[in-house]
Every structure is written in structure tokens, then in C-alpha cells.
Amino acid sequence: MTTPADHDPSQMAAEFAGEETYGPDTMRSMGKLIYGCRSEYEFDDRLLAHLKVAVTAKLRRQECFMLSWAIDARDGSGRMSLWLAPAIPLQFKFAGSRRPTLNRAWIDVMVQFSNSARGLVVISEADALSLSRGEIDAASLQLEP
């Protein structure tokens with residue numbers, strides 16, 4: 001049986017944090033979010049670790065939601081969206097061997113987005129920090145509705 005603490009992203013971030021960590025200024029490894037049986041999407045390991053905590057918090061509560069992100073210009077530009085549901089297989093495959101240091105503010109902003117009509121929108125750590133400090137608002141990020 002789960003308790004409310006099992007669904008707290010901050011608790012999950014603390015549990016996920018390991019001894020061997022790296023921060024935002026270290027070399028990037030590219031991991032994969034594997035959705036369903038065959039679809040793979042590449043993300044920076046640090047971002048993927050934050051997504052894992054935010055997504056897991058929602059799926060543990062048996063919630064369905066949209067996950068969206070911008071596609072880099074080198075990959076053709078545009079946006080990608082996935083409908084995430086507990087019944088659909090989902091894997092997080094990390095390329096690096098070290099766990100990243102987690103930023104709770106970044107996770108909290110993504111979880112807040114996931115509770116909105118737009119769903120969980122992948123944003124940069126810098127934008128998440130600016131949002132959490134009140135320096136910008138979500139409308140200024142020009143996210144899809």
C-alpha cells in the first residue's frame with residue numbers, strides 16, 4: 001500500500017539522488033525515454049532524470065497526462081506530444097553511469113505543468129528556476145496551449 005509520501009516529488013527526488021552525481025555544468029550523456037514497444041526519444045540524462053521523477057509521481061497516482069517538448073532545429077523543429085498512461089509501457093534508459101544531482105524546483109515546475117490543461121511540458125532548468133522565483137510567467141515561455 002502506498003502513502004502520500006510515496007507520491008511526493010520532493011521525497012522521490014531525495015530517494016533518487018545517489019552518491020555519484022553530476023550537476024548542470026558537466027558533460028552531457030544522452031539517454032532515452034522508451035514509450036510503448038518501439039518508440040524512443042532522446043533526452044539529456046540530467047533532463048531525463050528530472051522527467052523520471054515528475055512522470056513517476058503522476059503515474060503512481062494512476063493519472064494520465066500529456067507530455068510535450070520542442071524538437072530541436074537540427075532534428076527538423078516542431079513539437080512532440082505523447083499521451084502517458086499507467087497501462088502503457090514506459091522506460092527511462094540512461095547513457096551515463098552517474099546519477100545527476102536533482103533540482104527540486106525544476107521537478108516541482110514540471111509537476112505543476114502536468115496538472116494543467118497543457119500537461120507536462122519539458123522546459124529548461126533555467127526557465128524552471130525563473131518560473132519558480134517569479135521572474136517570468138508561463139505565458140512568456142510561449143508553450144503550446
Side-chain angles (χ1 to χ4, degrees), residues 1-18 21-26 28-96 99-145:
M1 175 161 204
T2 59
T3 64
D6 294 329
H7 305 301
D8 179 13
S10 296
Q11 273 301 106
M12 293 170 65
E15 291 170 12
F16 184 74
T21 62
Y22 63 92
D25 298 325
T26 55
R28 304 277 193 237
S29 294
M30 298 301 284
K32 292 182 181 181
L33 182 141
I34 305 167
Y35 181 71
C37 296
R38 295 181 218 171
S39 300
E40 295 185 2
Y41 305 95
E42 195 170 74
F43 290 95
D44 167 80
D45 269 4
R46 182 168 165 72
L47 169 58
L48 191 60
H50 286 78
L51 275 176
K52 178 182 176 183
V53 174
V55 166
T56 301
K58 299 286 286 181
L59 294 177
R60 280 186 176 175
R61 291 189 296 262
Q62 299 297 307
E63 296 177 5
C64 302
F65 59 99
M66 189 69 69
L67 170 65
S68 301
W69 65 91
I71 298 172
D72 194 281
R74 70 173 187 244
D75 295 323
S77 297
R79 295 200 58 78
M80 181 70 186
S81 295
L82 299 174
W83 181 250
L84 298 183
I88 301 171
L90 183 65
Q91 299 175 51
F92 299 87
K93 184 176 181 182
F94 297 92
R99 291 182 176 173
T101 303
L102 294 177
N103 180 329
R104 289 185 179 148
W106 192 7
I107 294 166
D108 290 344
V109 167
M110 286 195 287
V111 169
Q112 288 172 7
F113 275 157
S114 72
N115 294 323
S116 71
R118 74 172 57 102
L120 198 164
V121 179
V122 176
I123 63 170
S124 71
E125 184 172 18
D127 284 344
L129 292 176
S130 293
L131 278 167
S132 70
R133 292 181 191 133
E135 298 168 355
I136 61 172
D137 61 7
S140 68
L141 294 176
Q142 299 179 334
L143 304 171
E144 69 183 29

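For Leu102 against Ala49, the heavy-atom pair with the smallest separation is CD2-CB, 3.9 Å.
A salt bridge links Glu125 to Arg46: one of the charged nitrogens lies within less than 4.0 Å of a carboxylate oxygen.
For the atom pair CG of Leu90 and CG of Leu33, the computed distance is 5.0 Å after rounding to the nearest 0.5 Å. Here the CD1 atom belonging to Ile88 is positioned 9.5 Å from the CG atom belonging to Leu59, to the nearest 0.5 angstrom. Between the NE2 atom in His50 and the CG atom in Asp108 there is a gap of 10.0 Å [rounded to 0.5 Å]. Distance check: Asn115 CG to Lys58 NZ gives 4.0 Å after rounding to the nearest 0.5 Å.
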Apply side-chain contact (heavy atoms from CB on, under 4.5 Å) to residues Val122 and Phe113 and explain how you reach the verdict. CA-CA 9 Å; Val122 176; Phe113 275 157; over 6 Å; no

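For the side-chain contact (heavy atoms from CB on, under 4.5 Å) test, residues two or more places apart in sequence or in another chain that qualify with Ser124 are Ala126, Asp127. Under the rule for a side-chain contact (heavy atoms from CB on, under 4.5 Å), Gln112 has no partner lying at least two apart in sequence or in another chain. In this view, Gln91 and Ile34 satisfy the side-chain contact (heavy atoms from CB on, under 4.5 Å) rule, not counting sequence neighbours. With sequence neighbours excluded, the residues forming a side-chain hydrogen bond (donor to acceptor under 3.5 Å, both in side chains) with Ser130 are Glu135, listed by chain and number. Ala70 pairs by the side-chain contact (heavy atoms from CB on, under 4.5 Å) definition with Arg79, not counting sequence neighbours. Residues forming a ring pair (Phe, Tyr, Trp, His ring centres under 6.0 Å) with Tyr35 (at least two apart in sequence, or on another chain): none. In terms of the salt bridge (Lys or Arg N to Asp or Glu O under 4.0 Å) criterion, Glu42 has no residue partners (sequence neighbours excluded).
The shortest side-chain heavy-atom distance between Leu84 and Met66 does not fall under the 4.5 Å cut-off. The shortest distance between side-chain heavy atoms of Asn103 and Leu129 falls below 4.5 Å.
Evaluation of the ring pair (Phe, Tyr, Trp, His ring centres under 6.0 Å) test over residues 55-74, restricted to residues two or more places apart or in two chains, returns Tyr41-Trp69, Phe43-Trp69.
In this structure, Trp106 contributes its side chain and Leu51 its backbone to no donor-acceptor pair below 3.5 Å. Using modelled atom types, no side-chain atom of Thr56 and backbone atom of Val53 make a donor-acceptor pair closer than 3.5 Å. For Asp45 (side chain) and Phe94 (main-chain N/O), no donor-acceptor pair under 3.5 Å exists by modelled atom type.
Each of Ser68, Ser81, Ser114 was compared with Leu120 under the side chain to side chain contact (heavy atoms under 4.5 Å, CB included) criterion, and only Ser114 meets it.
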